[in-house]
Amino acid sequence: MAAEGFQTARGTRDVLWPESWQMEAMRDLALSWAARFGYTLIETPIVEKSGVFLRLGETTDIVQHERYRFVDAGGEDLTLRPEGTAAVARAFIQHGFAEAPQPVRLCYFGPMFRRERPEAGRYRQHTQFGAELYGSDSPLADAEVILLALGLVDMAGLKQPEARINSIGCQVCRPAYRQALIEFFSQRQDQLCADCQVRLRQNPLRLLDCKVDVALREDAPDVQAFWCDDCRNHITAVIDLIREAGYRIERDRHLVRGLDYYTRTVFEVGHPTLGRQVALFGGGRYDGLTAGLNGPWVPAVGFGMGIERLLSALPAPLPMPVAARVYVAHLPHFEREGYRLARDLRAQGFAADSDLLDRSLKAQLKEAGRRATIAVIVGGREWADGLVTVRDLGRAEQETVERDQLANYLRQKIQEDQA
RNA sequence: GUGGAUGUAGCUCAGUUGGUUAGAGCACCAGGUUGUGGCCCUGGGGGUCGGGGGUUCAAGUCCCCUCAUUCACCCCA
């Protein structure tokens with residue numbers, strides 16, 4: 001296409017109808033579903049001081065190079081938000097939510113930015129829905145956010161998601177596991193890929209989800225053997241609660257998450273139709289993330305969900321409302337009359353428009369057939385008698401109606417059609 | 001960031017070993033029906049062949065660069 005002109009920046013796109021409407025429908029579905037659990041919507045800014053996201057972890061690619069970070073004209077170091085959790089945590093602290101009645105339930109829905117190589121279903125700007133539950137360290141809380149996410153996927157029409165869960169331990173038991181991993185992989189250092197050589201020093205847990213050294217990890221120590229009693233009871237309870245709700249979930253001992261702030265529970269849910277896009281949603285427990293942002297220590301758990309991915313995985317689009325649309329066609333010399341009639345109809349609550357190109361009646365009805373269910377034809381012989389013609393475009397039937405009875409007639413007609 | 005493939009009309013795509021005014025289907029517009037859509041028929045509009053440079057008498061076609069898309073890696077919210 002026109003290379004001389006402007007196009008969307010790499011990895012970004014225009015969302016056109018009807019997908020734009022699908023996004024809105026998903027937003028409505030997500031927010032109303034979350035509201036049933038008591039989650040209130042929070043809209044954080046798209047841009048934050050860069051420090052907010054620095055604590056995501058020193059070894060994370062998001063932090064290392066996949067961010068939109070810039071210094072603005074005033075010298076401020078800013079970053080386009082790559083995910084929701086850190087920004088919501090910042091807001092939690094800023095507004096003193098730790099002093100509010102606990103638990104605090106917040107959800108968000110909006111664009112996230114990440115500068116990675118574009119692929120199908122992977123955009124530099126994508127939309128995420130997420131929920132964060134603060135103030136409870138109970139497994140009931142973990143289960144709640146997972147059930148919230150699974151329930152949304154279910155309501156959107158996607159069946160049989162593949163849910164995986166793991167516990168990466170807590171401050172009590174994780175150090176020993178971490179040490180065991182380091183020892184295991186150090187002995188096999190010559191077999192590790194280049195990236196894993198680095199991970200071994202910086203974040204040994206991530207060796208487990210390396211896609212290169214898959215054979216090695218099979219023999220790596222299982223975190224299960226290192227769990228303390230609290231961690232063991234916690235993950236067991238979470239899994240029970242999910243299954244009790246009727247969902248399938250399996251423990252995956254190789255599951256660790258890309259972000260460094262997680263403790264105990266981590267989970268990821270995918271779907272076979274997504275293929276390489278991997279995760280539909282993912283999340284976990286991040287007790288104390290708020291303390292890392294210079295706030296109070298608060299237990300928390302949450303998830304983030306990729307909306308574009310969810311929409312692309314749906315077997316059928318979300319239902320579109322079939323609004324009855326009225327098209328006002330006009331006979332020669334009655335363009336203004338049609339225009340005014342459409343205006344009146346809109347004022348009375350109808351979705352109505354008229355021809356703006358002074359086209360032939362034939363052309364007008366052709367357009368009406370494309371985008372309306374009812375055509376009102378004004379002008380000609382009937383106009384002098386105070387009549388208009390109402391044509392049912394679906395049934396190809398029409399009758400003349402008194403102009404001042406038109407609104408009532410249409411209302412009744414639309415009601416009958418919907419019944 | 002690495003490697004491969006692709007880029008021709010709004011959309012989906014043809015374009016023979018380089019060779020006249022670059023095509024089709026769908027979509028759009030008009031007419032056939034001077035007051036009636038969906039089907040049909042006829043006609044029409046719309047393209048600097050992603051962009052730039054090069055080779056050549058001649059480039060959509062060959063070469064280089066660049067931009068974009070896509071697939072596989074990497075990574076993942």
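Note that these values count all heavy atoms, side chains included, but never hydrogens, waters or copies made by symmetry. Chain letters run A, B, ... following the sequence lines, proteins first, then strands; residues in each count from 1.
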[X] [atom1] to [N] [atom2], straight-line distance once rounded to whole Å:
| X | N | atom1 | atom2 | result |
| --- | --- | --- | --- | --- |
| F113(A) | A77(B) | CZ | P | 18 Å |
| E132(A) | A77(B) | CD | P | 13 Å |
| R124(A) | A68(B) | CZ | P | 8 Å |
| F53(A) | A77(B) | CZ | P | 15 Å |
| M112(A) | A77(B) | CE | P | 13 Å |
| E116(A) | C71(B) | CD | P | 13 Å |
| R391(A) | U36(B) | CZ | P | 10 Å |
| E382(A) | G35(B) | CD | C1' | 8 Å |

| Going by modelled atom types, is there a donor-acceptor pair between the base of G35(B) and the side chain of Q398(A) at under 3.5 Å? | no

Give me the distance, rounded to whole Å, that separates [N] from [M] when you measure between the [atom1] atoms they each carry.
| N | M | atom1 | value |
| --- | --- | --- | --- |
| G44(B) | U48(B) | C1' | 22 Å |
| A59(B) | G51(B) | P | 15 Å |
| U55(B) | U61(B) | C1' | 14 Å |
| U8(B) | G15(B) | C1' | 9 Å |
| A68(B) | G52(B) | C1' | 15 Å |
| A27(B) | G47(B) | C1' | 16 Å |
| C67(B) | U56(B) | C1' | 26 Å |
| A9(B) | A14(B) | C1' | 13 Å |

| task | May I ask you to decide whether E268(A) forms a salt bridge with R164(A), counting only side-chain N to carboxylate O separations under 4.0 Å? | result | yes

| said: Need one value for E397(A): base, sugar-phosphate or nothing, where a base atom within 4.0 Å counts as base even if backbone is also close, heavy atoms only. | reply: nothing

| Counting any heavy atom closer than 4.0 Å, what does G380(A) reach on the DNA or RNA strands: base, sugar-phosphate only, or nothing? | base

| field | salt bridge (Lys or Arg N to Asp or Glu O under 4.0 Å) partners for R325(A), two or more places apart | value | D353(A)

| request: Could I get the full list of salt bridge (Lys or Arg N to Asp or Glu O under 4.0 Å) partners for E397(A), not counting sequence neighbours? | output: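 E397(A): no salt bridge (Lys or Arg N to Asp or Glu O under 4.0 Å) contacts found.
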
| message | Using a 4.0 Å cut-off on heavy atoms, which residues in residues 361-377 of chain A reach RNA chain B? List them by number, or say none. | response | L361(A), K362(A), A363(A), L365(A), K366(A), G369(A), R370(A), I377(A)

| RNA chain B-proximal residues of residues 8-19 of chain A, any heavy atom under 4.0 Å |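 Those residues whose heavy atoms fall under 4.0 Å from RNA chain B, taken from residues 8-19 of chain A in numerical order, are R10(A), G11(A).
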
| message | Test: side-chain hydrogen bond (donor to acceptor under 3.5 Å, both in side chains). Region: residues 27-36 of chain A. Which pairs qualify, not counting sequence neighbours? | response | R27(A)-E43(A)

| said: Between Y39(A) and E132(A), does the side-chain hydrogen bond (donor to acceptor under 3.5 Å, both in side chains) criterion hold? Intermediate values first, please. | reply: CA-CA 8 Å; Y39(A) 288 76; E132(A) 315 284 0; over 6 Å; no

| task | List in chain and number order the residues that pass side-chain hydrogen bond (donor to acceptor under 3.5 Å, both in side chains) with R188(A), two or more places apart in sequence or in another chain; answer none if no residue qualifies. | result |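 By the side-chain hydrogen bond (donor to acceptor under 3.5 Å, both in side chains) rule, R188(A) matches no residue at all.
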
| field | side-chain hydrogen bond (donor to acceptor under 3.5 Å, both in side chains) involving D358(A) - partner list, sequence neighbours excluded | value | none

| query | How do R395(A) and H126(A) order along RNA chain B: which one's closest nucleotide is nearer the 5' end? | reply | R395(A)

| note | Nearest-nucleotide check on RNA chain B, R359(A) vs A396(A); residue mapping nearer the 5' end is R359(A)

| task | Pull out every stem in RNA chain B, meaning runs of 3 or more consecutive Watson-Crick or G-U wobble pairs with both distances under 3.5 Å. | result |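 If one scans RNA chain B for consecutive Watson-Crick or G-U pairs, the stems found are B:1-7 with B:67-73, B:10-13 with B:23-26, B:28-32 with B:40-44, B:50-54 with B:62-66.
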
| field | Short side-chain to backbone donor-acceptor contact, R124(A) and E116(A), under 3.5 Å | value |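 Looks like yes, one N/O pair under 3.5 Å.
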
| query | Does any pair with a residue in residues 329-338 of chain A pass salt bridge (Lys or Arg N to Asp or Glu O under 4.0 Å), and if so which ones, sequence neighbours excluded? | reply |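 Applying salt bridge (Lys or Arg N to Asp or Glu O under 4.0 Å) to every pair that reaches into residues 329-338 of chain A, excluding sequence neighbours, yields nothing.
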
| said: By the salt bridge (Lys or Arg N to Asp or Glu O under 4.0 Å) test, which pairs, at least two apart or in different chains, include something from residues 145-155 of chain A? | reply: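 Applying salt bridge (Lys or Arg N to Asp or Glu O under 4.0 Å) to every pair that reaches into residues 145-155 of chain A, excluding sequence neighbours, yields D154(A)-K159(A).
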
| request: Please name the residue in the list F267(A), Y262(A), F129(A) that meets the ring pair (Phe, Tyr, Trp, His ring centres under 6.0 Å) test with F303(A). | output: F129(A)

Side chains of residues 16-23 of chain A: which donor-acceptor pairs under 3.5 Å do they make with residues two or more places apart or in other chains?
residue	atom	partner	partner atom	Å
E19(A)	OE1	R13(A)	NH1	3.3
E19(A)	OE2	R13(A)	NH1	3.3
E19(A)	OE2	R13(A)	NH2	2.9
S20(A)	OG	W17(A)	N	3.3
Q22(A)	OE1	L318(A)	N	2.8
Q22(A)	NE2	L318(A)	O	3.0

Review item, side-chain donor-acceptor pairs of residues 398-406 of chain A, under 3.5 Å, at least two apart:
residue	atom	partner	partner atom	Å
Q398(A)	OE1	R391(A)	NH1	2.7
E399(A)	OE2	Y409(A)	OH	2.7
R403(A)	NH1	W383(A)	O	3.0

